[in-house]
There are 2 protein chains.
Amino acid sequence: MKPTIEDVAQLAGVSRATASRVINNVPGASGPSRERVHAAVAELGYEPNETARALATGRQRAIDVIVVTTDPGTGWLGTHPYVSRVLAGVMPVLQGVNAQLRLHAVRREAAADELDDIASSTTLGAIFADITPDLAAHFYRRCRRTVSMVRTDSSVPGLEADNVGGAYDAVDRLHQLGHRRIAAIHGPALNPCAIDRRAGYLRATQRLGLPDLSAHGGFRREGGHDAAQQLLEQHPDIDAFFVACDLMAAGAVQAITASGRRVPDDVSIIGFDDSIAAVCSNPPLTTMRLPVEEMAATAARLLLAGGPVRSHRQQFPVELVVRESTRDVGAGSADGSR
Amino acid sequence: MKPTIEDVAQLAGVSRATASRVINNVPGASGPSRERVHAAVAELGYEPNETARALATGRQRAIDVIVVTTDPGTGWLGTHPYVSRVLAGVMPVLQGVNAQLRLHAVRREAAADELDDIASSTTLGAIFADITPDLAAHFYRRCRRTVSMVRTDSSVPGLEADNVGGAYDAVDRLHQLGHRRIAAIHGPALNPCAIDRRAGYLRATQRLGLPDLSAHGGFRREGGHDAAQQLLEQHPDIDAFFVACDLMAAGAVQAITASGRRVPDDVSIIGFDDSIAAVCSNPPLTTMRLPVEEMAATAARLLLAGGPVRSHRQQFPVELVVRESTRDVGAGSADGSR
DNA sequence: TTGAAAGCGCTAACAG
DNA sequence: CTGTTAGCGCTTTCAA
């Protein structure tokens, strides 16, 4: 049916070996041969069989994107914009380089086994979209072509966003705008990103002499809603929120509005991520942009380059994106007021 | 390194063929042999090499999820919740059945070629998350293990949501709530889903004797925002919106709010999809639920079952989810008012 | 520079 | 029921 390399070789009047050499563009075949093979390839419309190639080389041209789902099922995947963004970041760099993207949603309970399976199916490498440090280290021990997009054990190559700095900046900005009762809604207690953003908030409040008004959400809209509601009841004088993810922030806005307060007139709010949720909220959220697509694209390029990722570490900046959920209440300059 | 089937066979004292039979659970090996092989597998921790298996059988245990990106780049992917939902639907049915999920974002410009590549890498089958009828038919001609999640040429097996009915019901509901100036924001003119939802709106307005107040968005938040703004300027007396997707609806809510109107007090709005965008909006959106996860899971199961999908067609209902963006302005019963 | 030949690990006829 | 024997399509030593 489909032409094989044998067909190409025959048509070109060379051996399979030579055909293979020119097709893979490796030295050891030359001038006339190359031309003839190329001609044959074109004439036959030959496409190498990737499976056979993978069997022979022991390596599949695919990148594994791994997300460990802590929730039961994979509900997380369908609702949180984060995963889409890493896919959107990886996808374009795979265009035209003949590589595929495999997605793995690994259940927390069976994570070790499932990760072993993935590690043993040698590919171009794996990108951890979300994972715990222990699992990342576990995987890395079996497969060195790995890049994590969240903070992990220092042994694992990683691209990290400046979560601490971003959170600090958010609070600092809120402070500059004149807010003094700045509450925070943090993410899951064990999530590395959540931990870092919380650390940033804490550092900022301490340095600025602000009270610590914290609650936990869980990186879900409902969590943000409930936490905001509760904080507002306990501390009715809150005048601003720092929320560790836009999804939660969207929920928080709803709770704030429902409490009879207006955003940003009565309370300002800064989210984190700059995901689609930020822009779907009403008003659109001022937020700290996590460059997920850029990070994912970088990770993919790293793996594509081949070779074990020599303990690569890179930090990505987290920057403020001003929209309409913040307002200057002090004497200073205007900022995204409506 | 890793044990092969040969190792298993040797340890079990049988031939490779027999080992293969019991491992693949096919008849033609029996009693004692089976036990010995199973024991050997367990002792060695043997895992079949999927690549070798794929080469031998000519079929990879993977499901291809294909989305044709009409936009330049793959920006769509990162912002629209739809793709996440189909992934979230497919993923769980692949758990424990030793199958992988490959994601393909095919650029419209090079679609035919890229689709040919995918079709020729024989897998368990392909799911069209989003595609145009012509491309679907093109692909189907080369690979019959295919299911589309959007309306296509009638030759291609498909799972379709009742977009027409859903849109009709949305308008009808708005009408029941007492609204008489019901505007619509439609999706891309060439998108099958958008076309159907538009048809449903048109049918409803005609049957109910309502004016046609339509604008087009593009299934993006910005599109919804701009269209709503424009409609409101042209027809200041609009009292309700039917918006063909939640993302656009979120944008519309922002525009409505910005125009000084309140949702739902001054204008009601019903979205479409029931995606994360509906619930991130403020107020949360009443919407027509598209059962994307269920559809995707069904598609995956169909492909997993093997064999060419014999012109399977199935329609999924689209149902109203009441939240807080609609309000009864007539004498009737209450509905999601705040 | 080239070709012959030996696999990669597994499945599937076919013959016993 | 079982083992032998060919491949699947490609890469890659190893000689020539």
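So that the names make sense, note that chain A is the first sequence line, chain B the second, and so on, each numbered from 1.
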So does Ala12(B) get a backbone contact from the side chain of Arg36(B), meaning a donor-acceptor N/O pair under 3.5 Å?
yes
Give the nucleotide from the list dC10(C), dG3(C), dC10(D) with an atom nearest to the side chain of Arg53(A).
dC10(D)
Carboxylate-amine/guanidinium proximity below 4.0 Å for Arg151(B) and Glu160(B):
no
OP1 or OP2 of dT12(D) sitting under 4.0 Å from any side-chain N/O of Ser20(A)?
no
Taking the side chain of Ile5(B) as heavy atoms from C-beta outward, which of dG3(C), dT12(D), dT11(C) is closest to it?
dT11(C)
Thr51(B) vs dG9(C): side-chain N/O to OP1/OP2 distance below 4.0 Å:
no
Under the 6.0 Å and 45° cation-pi test, does Arg142(A) pair with Phe139(A)?
no
Short side-chain N/O contact from Asn24(B) to OP1 or OP2 of dT11(C), under 4.0 Å
yes
Of the options dT11(D), dG9(D), dG3(D), whose atoms approach the side-chain atoms of Ala52(A) most closely?
dG9(D)
Atom pairs under 3.5 Å, N or O on each side, protein against nucleotides 14-16 of chain D: can you list them with distances?
none

Is a side-chain donor or acceptor of Thr69(A) paired with a backbone partner of Val106(A) at a separation under 3.5 angstrom?
yes
Can you tell me if the side-chain N/O atoms of Ser15(B) get under 4.0 Å from OP1 or OP2 in dT2(D)?
no
Using a cut-off of 4.0 Å on non-hydrogen atoms, how would the nucleic acid contact of Pro27(B) be classed: base, sugar-phosphate, or nothing?
nothing
Provide a list of protein-nucleic acid N or O atom pairs under 3.5 angstrom, restricted to nucleotides 5-7 of chain D.
| unit_1 | atom_1 | unit_2 | atom_2 | d |
| --- | --- | --- | --- | --- |
| dA6(D) | N6 | Arg16(B) | NH2 | 3.0 |

Scan Thr57(B) against the nucleic acid and name what it touches under 4.0 Å (heavy atoms): base, sugar-phosphate only, or nothing.
sugar-phosphate
So if I take every side-chain heavy atom of Thr18(A) and compare against dT11(C), dG3(C), dT11(D), which nucleotide ends up nearest?
dG3(C)
Under 4.0 angstrom, heavy atoms only, what part of the nucleic acid is Gly28(B) near: base, sugar-phosphate, or nothing?
base
